[in-house]
Amino acid sequence: MDDVTFLIIGLSLICGALSVIAGLALIRLWERGRHPAAQAAASDVSKRKIPTVFLFKGTDLLDATEPARHWLGRSGMPGTEWQQVRNWIEAHFPQARGLAAGGDFTCTDLSTRISPDGDEIRLLIESPGENLTRVTLAPANPGSGDGNDIMSRYAMEDELAVLRQAFDNAPSLLWRQDPSGRITWANASYLSQVRKITGKEPGWPMLHLFDLPDNGAKSCRAKLVSGDETLWFDCRRHDVGQDTMFFAASADAAVRAERFLREFVQTLTRTFATLSTGFAIFDRQRNLQLFNPAIIDLTGIRADFLASRPTLADFLDQLRELRMVPEPKDYPGWRRRINNLESAAANGHHLEEWSLPCGRVFRVQGSPHPDGAIALLFEDITSEIVIRREYREKLALNKTVLDQLDDSLAVFGPDGKLVLSNRSYRDNWSNEASAAHDALRRSFLNPGIEPDECGGSIPGPAGQQIGWSISQVSGGCRMLRFHAA
């Protein structure tokens with residue numbers, strides 16, 4: 001063979017080898033493209049082989065594997081990393097309670113089942129020296145279970161069990177609805193209420209107990225009729241993604257209290273409506289909260305003004321505009337008087353009389369109420385004032401008439417004490433009245449003696465002889481009269 005022939009043969013061999021290599025590479029690429037899930041699973045398997053390991057120096061965390069760090073990031077337990085790990089171990093491995101950090105101690109090797117249907121796991125606590133503590137958690141049987149993030153998995157299971165118990169033991173009714181309104185989950189209280197109403201075990205689709213308004217409101221009150229009983233619930237909703245969680249708490253006590261309060265207010269309103277005394281109650285912010293019709297009749301204030309809940313200052317200003325307050329000499333003096341009225345009513349009972357420009361007289365009383373409120377009571381005492389004035393005028397007239405008499409008159413009460421006398425008696429007996437009074441009282445004014453009308457004569461203050469007489473008057477009193485003999 002010549003050189004050309006050898007060259008051709010060599011090139012052919014090289015091209016064939018390159019074709020085989022390229023074919024194998026294409027096959028591998030094709031296989032890799034066909035089975036990405038298998039490769040990911042292989043990668044996950046390698047990850048699951050990583051154990052949950054913590055390395056502490058004293059109570060300080062030196063190092064941790066990826067599953068261990070993942071658990072620390074979402075454990076939700078209080079304290080340092082060492083406290084979190086120790087608390088978790090002591091909760092699931094009672095034999096390891098009292099675990100101390102660092103130091104020389106005997107290696108601890110324990111296994112347990114954290115849940116009845118779970119895999120058995122192994123706890124290994126070692127002390128490599130130099131105040132180091134290594135904590136390892138792994139499946140007790142290396143060929144079973146998931147070795148990755150054991151603590152997180154059991155923490156989630158514990159949390160799930162706690163949440164299930166909490167929801168099932170909650171007195172409130174809880175349920176979840178999908179966007180179409182279908183109930184997808186309900187707690188034990190909801191299911192129990194369904195059994196009570198239907199008399200049979202609940203099934204799917206689940207019965208809707210409440211007909212809630214679809215207006216987007218976050219809370220509402222709904223009633224549930226169960227036989228002859230009507231139950232009331234305060235319902236709240238909370239959006240969870242596209243679904244909605246509902247919470248229904250019993251509102252029976254609140255409904256009863258509100259009904260009682262309404263009936264009580266109605267009773268008070270009917271009672272207050274018949275009173276002739278007008279009242280206005282202001283809260284601690286001095287806004288009008290309650291009034292009766294008499295306040296309108298007495299003052300002439302419009303009902304719509306009172307219904308707008310005016311302040312105390314606006315209320316009194318309105319009275320001033322209607323000339324239903326004493327006319328002040330100056331406005332600053334009026335404001336001081338109003339401030340004094342408010343402070344006196346807030347600190348204790350305050351009472352004053354208002355003589356109005358129209359001639360009427362109001363008795364205004366202010367008194368404190370609980371929580372800083374004050375009440376103002378208005379009473380028309382015009383007739384009382386008129387009667388009082390007439391009575392005083394009659395007394396003054398009677399006294400004037402008696403003082404005009406020449407005879408000396410004195411009235412003694414049932415106890416013998418002087419209760420009334422005219423000017424003549426006071427003038428004539430100013431010095432010796434005691435002696436004459438005592439002499440006559442011993443003889444005729446003894447409360448135990450009931451004499452008929454009687455009389456006589458005695459020496460007068462100037463030595464002259466004067467006559468006297470004594471007679472019974474109303475109220476057990478006796479009238480003594482001195483006259484010229």
Side-chain angles (χ1 to χ4, degrees), residues 215 217-221 232 234 236 249 251 253-358 360-382:
N215 55 6
K218 293 297 183 182
S219 62
C220 66
R221 178 163 290 175
W232 290 93
D234 284 330
R236 293 184 176 273
V255 170
R256 286 194 297 269
E258 291 171 0
R259 183 184 300 114
F260 174 78
L261 181 60
R262 285 195 301 270
E263 294 174 352
F264 180 70
V265 171
Q266 291 173 359
T267 301
L268 288 181
T269 302
R270 288 192 295 268
T271 303
F272 292 154
T274 62
L275 296 179
S276 60
T277 300
F279 70 84
I281 299 179
F282 298 83
D283 60 19
R284 64 186 309 170
Q285 283 78 33
R286 299 300 179 260
N287 293 317
L288 181 63
Q289 294 296 327
L290 189 62
F291 63 93
N292 69 336
I295 198 73
I296 301 174
D297 299 335
L298 290 173
T299 63
I301 295 182
R302 302 188 318 275
D304 58 345
F305 174 80
L306 296 174
S308 66
R309 300 184 184 278
T311 64
L312 175 59
D314 293 337
F315 174 80
L316 295 173
D317 284 340
Q318 185 70 16
L319 288 180
R320 184 170 182 264
E321 291 181 8
L322 296 173
R323 298 176 61 83
M324 298 305 296
V325 294
E327 191 63 33
K329 295 180 179 180
D330 59 289
Y331 190 75
W334 156 253
R335 297 308 289 171
R336 285 195 300 271
R337 182 173 184 176
I338 293 306
N339 292 334
N340 293 338
L341 171 64
E342 178 180 350
S343 60
N347 297 326
H349 292 281
H350 177 72
L351 183 66
E352 63 182 32
E353 292 182 0
W354 287 2
S355 297
L356 306 181
C358 61
R360 299 167 67 185
V361 181
F362 281 178
R363 178 184 290 125
V364 180
Q365 180 178 353
S367 60
H369 274 235
D371 198 26
I374 64 172
L376 295 182
L377 282 75
F378 294 81
E379 184 180 1
D380 190 347
I381 59 171
T382 305

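Positions are given from 1 along the sequence. All values below come from the heavy atoms of this structure, side chains included, with hydrogens, waters and symmetry mates left out.
A search for salt bridge (charged side-chain N to carboxylate O under 4.0 Å, His left out) contacts involving Arg360 returns Asp380, not counting sequence neighbours. With sequence neighbours excluded, no residue satisfies salt bridge (charged side-chain N to carboxylate O under 4.0 Å, His left out) with Asp297. In this structure Arg236 satisfies the side chain to side chain donor-acceptor pair (under 3.5 Å) test with no other residue, sequence neighbours excluded. In terms of the side chain to side chain donor-acceptor pair (under 3.5 Å) criterion, Arg323 has no residue partners (sequence neighbours excluded).
Here the closest heavy-atom approach between residue Leu288 and residue Ile281 is recorded as CD1-O, 3.5 Å. Closest approach of Leu322 to Ile301, counting heavy atoms only: CD1-CG1, 3.7 Å. When all heavy atoms of Asp314 and Pro310 are compared, the pair lying nearest together is CB-CB, 4.1 Å. Minimum interatomic distance between Pro293 and Ala273 (heavy atoms only, all atoms of both residues): CD-CA, 3.8 Å. The two residues Thr277 and Asn292 come nearest to each other via the heavy atoms O-ND2, 3.0 Å. The two residues Leu298 and Gly278 come nearest to each other via the heavy atoms CD1-N, 3.6 Å.
The backbone N or O of Asp283 sits less than 3.5 Å from a side-chain atom of Arg286, completing a donor-acceptor pair.
Counting only heavy atoms from C-beta outward, the side chains of Leu319 and Phe362 never approach each other to under 4.5 Å.
Atom CD in Glu321 sits 11.5 Å away from atom CG in Leu316 (nearest 0.5 Å). Here OG1 of Thr382 is found 10.0 Å from CD of Glu379. Values are rounded to the nearest 0.5 Å. Atoms CD1 and CG, on Ile374 and Leu312 in that order, are 5.0 Å from each other to the nearest 0.5 Å.
Within the structure, no pair that satisfies the ring pair (Phe, Tyr, Trp, His ring centres under 6.0 Å) test touches residues 286-309, not counting sequence neighbours. For residues 257-281, the pairs satisfying salt bridge (Lys or Arg N to Asp or Glu O under 4.0 Å) are Arg221-Glu258, with sequence neighbours left out.
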*side chain to side chain contact (heavy atoms under 4.5 Å, CB included) evaluation trace for Thr311 with Phe282*: CA-CA 8 Å; Thr311 64; Phe282 298 83; over 6 Å; no
